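Counting from 1, the numbers follow the sequence of the chain as shown. What you see is a predicted model; the values in this text were computed from it and never measured. The figures that follow rest on heavy atoms only: side chains count, while hydrogens, waters and symmetry mates do not.
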Amino acid sequence: MVNRRISIAPMMDWTDRHDRYFLRLISSRALLYTEMVTTGAIIHGDADRFLRFDPAEQPLALQLGGSEPDALARCAKIAEDYGYGEVNLNVGCPSDRVQNGRFGACLMGEPETVAACVTAMQAATSLPVTVKTRIGIDDLDSYDYFKSFIERVAETGVSTFIIHARKAWLTGLSPKENRTIPPLDYDRVYRLKQELPELEIIINGGISSHEEIDTHLEQVDGVMIGREAYQNPYFLAEIDRRYYGVDDESPERREVIEQMLPYVTREMAAGVPLNSITRHMLGLFQGRPGARAWRRHISENAHKKGADITILTEAASKTR
């Protein structure tokens with residue numbers, strides 16, 4: 001059974017396999033999600049490029065983008081074959097590219113389509129199928145519409161919903177603006193859980209402290225962390241002890257770096273550029289003495305020809 005008490009959000013261009021390996025060194029228990037991967041990329045592209053992962057990343061869920069039931073079913077089965085622990089349908093991304101493909105947040109206006117998609121996915125795999133959504137889109141933003149959408153999808157047997165507690169504007173706001181400008185409405189998510197207690201409800205959006213997590217867990221089943229986990233990754237160091245009862249101490253920041261070095265060496269030997277990995281590590285010393293020097297040394301040197309793991313050890317020497 002997948003434990004979703006604490007999870008890390010799927011974030012485009014951020015939560016790739018290198019970032020997930022790095023985050024897993026800080027928290028062994030938080031559920032990790034891939035970036036959203038479209039069905040077309042898997043079926044018509046290089047599936048292995050998008051789907052492969054290191055076993056150390058587990059527990060790990062795959063987020064899919066699509067609106068064709070047959071294609072989503074095929075990809076759900078592929079996810080199971082690859083060894084993922086969950087497959088999630090994106091019904092929350094508001095980007096133009098996603099809308100043009102008729103998936104993401106615009107699907108909130110098509111509950112029957114979403115129901116058909118998750119029905120097909122469930123029939124194709126034994127993995128748990130979950131849905132990540134918003135609380136509304138455009139003028140479809142009443143609580144009654146939101147609840148009816150969730151109820152319709154839940155009729156398929158899907159029982160886990162990850163809810164970004166903001167509506168999305170499909171026109172007029174960029175994806176970045178849609179993550180910050182529409183106001184958060186946590187109470188709407190709490191109310192949904194109160195009225196549909198049989199569903200597993202995970203809350204997402206703007207959560208950046210353990211105290212906030214504690215407050216949310218009094219109302220819902222789990223919390224998904226987004227930008228805070230990327231920009232301040234050592235935030236996760238308290239997760240295992242605080243929310244999973246793990247007694248072992250989390251590694252210190254320098255230990256995390258040491259544990260990353262064999263991975264970086266292996267990936268570089270396979271042709272991965274150093275800065276494709278180190279870019280995810282820039283926030284490791286967030287709020288600590290030397291954080292700026294750490295970021296600067298990596299940013300100025302990791303992309304250079306001949307750069308290797310000594311860039312990380314040199315950068316670490318500039319911190320306290």
Side-chain angles (χ1 to χ4, degrees), residues 2 4 7-21 23 30-53 57 59-69 71-80 82 84-110 113-114 117-118 120-121 124-125 127-134 137 153 158 160-166 168-170 173-180 202 204-205 224-227 229-230 276 280:
V2 179
R4 303 182 185 86
S7 57
I8 310 305
M11 293 177 279
M12 292 299 292
D13 299 321
W14 285 4
T15 51
D16 66 13
R17 62 188 182 90
H18 306 307
D19 180 55
R20 298 191 305 262
Y21 188 95
L23 295 181
L31 174 62
L32 302 180
Y33 282 77
T34 67
E35 303 169 88
M36 181 187 69
V37 183
T38 65
T39 55
I42 295 172
I43 295 171
H44 304 296
D46 182 355
D48 197 59
R49 173 190 164 201
F50 294 105
L51 297 181
R52 65 190 171 99
F53 60 88
E57 297 171 40
L60 179 63
L62 171 66
Q63 186 183 68
L64 291 173
S67 60
E68 295 293 333
L72 284 162
R74 184 173 169 185
C75 290
K77 179 61 172 67
I78 294 171
E80 182 174 3
Y82 263 81
Y84 285 91
E86 172 190 320
V87 60
N88 175 266
L89 179 63
N90 183 313
V91 189
C93 180
S95 77
D96 291 339
R97 182 174 66 86
V98 166
Q99 290 184 58
N100 290 339
R102 205 175 129 261
F103 57 96
C106 64
L107 288 177
M108 279 206 77
E110 301 181 39
T113 299
V114 176
C117 288
V118 295
M121 292 165 72
T125 179
L127 295 178
V129 174
T130 65
V131 174
K132 188 172 190 292
T133 186
R134 296 279 187 133
I137 53 169
V153 178
V158 167
T160 299
F161 292 85
I162 303 156
I163 300 169
H164 186 161
R166 287 186 174 93
W169 286 103
L170 300 183
L173 294 182
S174 70
K176 182 178 180 180
E177 290 170 331
N178 260 305
R179 291 193 292 270
T180 56
I202 314 298
N204 169 233
M224 176 176 275
I225 309 297
R227 283 166 289 162
Y230 190 84
S276 292
H280 300 301

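Among all heavy-atom pairs drawn from A41 and F50, the shortest one is CB-CE1, 3.7 Å. The heavy-atom pair separating A9 from Y33 by the smallest distance is C-CB, 4.3 Å. In terms of heavy-atom proximity, P69 sits nearest to A120 at O-CB, 3.5 Å. Between D16 and S276 the shortest heavy-atom distance is OD2-O, 4.4 Å. Counting all heavy atoms, side chain and backbone alike, S67 lies closest to L107 at CB-CD2, 4.0 Å. Closest of all the heavy-atom pairs between R134 and G92 is NE-O, 3.3 Å.
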Check the pair E35, T15 against side-chain hydrogen bond (donor to acceptor under 3.5 Å, both in side chains), reporting the backbone distance first and the verdict last. CA-CA 5 Å; E35 303 169 88; T15 51; 5.7 Å; no
Working for side chain to side chain contact (heavy atoms under 4.5 Å, CB included), residues N88 and L62: CA-CA 6 Å; N88 175 266; L62 171 66; over 6 Å; no
Under the ring pair (Phe, Tyr, Trp, His ring centres under 6.0 Å) criterion, do F53 and Y21 qualify, and how do the steps go? CA-CA 9 Å; F53 60 88; Y21 188 95; over 10 Å; no
Let me see the working for M121 and V87 under side chain to side chain contact (heavy atoms under 4.5 Å, CB included), right down to the final yes or no. CA-CA 9 Å; M121 292 165 72; V87 60; 3.9 Å; yes
Step by step, would you call I78 with L51 a side chain to side chain contact (heavy atoms under 4.5 Å, CB included)? CA-CA 9 Å; I78 294 171; L51 297 181; 3.6 Å; yes
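The closest side-chain heavy-atom distance from P59 to L32 is not below 4.5 Å. Two residues are said to be in side-chain contact when any heavy atoms from C-beta on lie closer than 4.5 Å; L89 and V129 fail this criterion. Counting only heavy atoms from C-beta outward, the side chains of F161 and I202 never approach each other to under 4.5 Å. Two residues are said to be in side-chain contact when any heavy atoms from C-beta on lie closer than 4.5 Å; P128 and E86 meet this criterion. R74 has its side chain within reach of I43: a pair of non-hydrogen atoms, C-beta onward, lies under 4.5 Å apart. Using a 4.5 Å cut-off on side-chain heavy atoms (C-beta onward), V118 and V153 make contact. Contact of the I162 side chain with the T133 side chain is not registered, since no non-hydrogen atoms from C-beta on lie closer than 4.5 Å.
Taking the six-membered ring where the residue is Trp, H280 and H18 present tilted rings, their angle falling between 30° and 60°.
For the atom pair NZ of K132 and CE of M36, the computed distance is 11.0 Å after rounding to the nearest 0.5 Å. In this structure, CD1 in I42 is found 11.5 Å from CG in D48, a value given to the nearest 0.5 Å. The line from CG of L60 to CZ of R17 is 12.5 Å long, rounded to the nearest 0.5 Å. Summarising the geometry, atom CE belonging to M11 is positioned 11.5 Å from atom OG1 belonging to T34; distances are rounded to the nearest 0.5 Å. Between the CG atom of L64 and the SG atom of C117 there is a distance of 10.5 Å, given to the nearest 0.5 Å. Summarising the geometry, atom NE2 belonging to H164 is positioned 11.5 Å from atom SG belonging to C93; distances are rounded to the nearest 0.5 Å.
Side chain of N90 to main chain of G104: no donor-acceptor pair is present (N/O by atom type, distance under 3.5 Å, no hydrogens or angles).
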